[in-house]
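A short worksheet on the structure shown next.
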Amino acid sequence: MGRVLERLAVARQALGTLEELAYKEAPSPVERDAAIQRFEYTFEAFWKALQAFLREREGLEAASPKRVFRLAHEVGLMGEEEARLALTMADDRNLTVHTYNEALAQAIFARLSGYAELMGKVLGRMVDEGHPL
């Protein structure tokens, strides 16, 4: 579980940086763009922590974020709606390379608080290891 705990710690630290900006009511363009950048690395840390957890704890292998999220749902680590949100989050992560598009940047920023909340809940379940929904 050592690798899992290390990944969890990194993901929780990344999430903390995202939370500093994700809940801002009226961010400046710089704050919005910084929040999206933080979302990118938080997403990466999150899915990799979940991947390590599933490998160590459940004996399941997955090489992509979407597969990891589907497996997390299958083992009860995410509910149905949470899994759907996680899949949407993966799509948004893939779109972040296009944040030069103002409308897209605003739309993704508007969803960051929900993504931060989801990642916090799932990380908490992994720490608890009982992962009750």
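Below, all heavy atoms of this structure are taken into account, side chains as well, without hydrogens, waters or symmetry copies.
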Q106 CD to N101 CG distance, which is reported to the nearest 0.5 Å: 9.5 Å

Rounded distance (nearest 0.5 Å) linking atom CZ of F53 with atom CZ of R125: 11.0 Å

Separation of E40 CD from I108 CD1 (nearest 0.5 Å): 8.5 Å

Spacing of CZ belonging to R3 relative to NZ belonging to K48, to within rounding of 0.5 Å: 9.5 Å

Linked, directly or transitively: V75 and L85 (ILVMFWY side chains, under 4.5 Å): yes

May I have the list of side-chain donor-acceptor pairs in residues 60-68 shorter than 3.5 Å, sequence neighbours left out?
residue : atom : partner : partner atom : Å
E61     : OE1  : R55     : NE           : 3.3
E61     : OE2  : R55     : NE           : 3.0
S64     : OG   : R67     : N            : 3.2
K66     : NZ   : D91     : OD1          : 2.5

Any donor-acceptor pair under 3.5 Å from H73 side chain to A83 backbone: no

A34 versus L21, closest heavy-atom pair with distance: CB-CD1, 3.8 Å

With sequence neighbours excluded, residues passing side chain to side chain donor-acceptor pair (under 3.5 Å) with T88: none

For E31 against A26, the heavy-atom pair lying closest together: OE1-O, 4.4 Å

Shortest non-hydrogen contact from A11 toward A49: CB-CB, 4.1 Å

Under 3.5 Å: donor-acceptor pair, side chain of R38, backbone of T17: yes

ILVMFWY cluster, F43 and L87 together (side-chain gap under 4.5 Å): yes

CD (E74) with more than 12 external heavy atoms under 6.0 Å: yes

Distance, nearest 0.5 Å, that separates CE of M126 from CG of L5: 11.0 Å

CG on L77 to CZ on R57, rounded to 0.5 Å: 9.5 Å

Side chain to side chain contact (heavy atoms under 4.5 Å, CB included) between V4 and L8, worked out: CA-CA 6 Å; V4 174; L8 283 169; 3.9 Å; yes

Residue pair R7 / R12, side-chain heavy-atom distance below 4.5 Å: no

Closest approach of W47 to E44 (non-hydrogen atoms, all atoms of both residues): NE1-OE1, 3.2 Å

T42 side chain vs L18 backbone, donor-acceptor pair below 3.5 Å: no

Heavy-atom pair of closest approach, residues K24 and E20: CG-O, 4.5 Å

Residue pair F39 / F46, side-chain heavy-atom distance below 4.5 Å: no

Solution key, residues 109-118 side-chain donor-acceptor pairs under 3.5 Å, sequence neighbours excluded:
residue : atom : partner : partner atom : Å
R111    : NE   : D92     : OD2          : 2.6
R111    : NE   : Y115    : OH           : 3.4
R111    : NH2  : D92     : OD1          : 3.0
R111    : NH2  : D92     : OD2          : 3.1
Y115    : OH   : D92     : OD2          : 2.5
E117    : OE2  : K121    : NZ           : 3.4

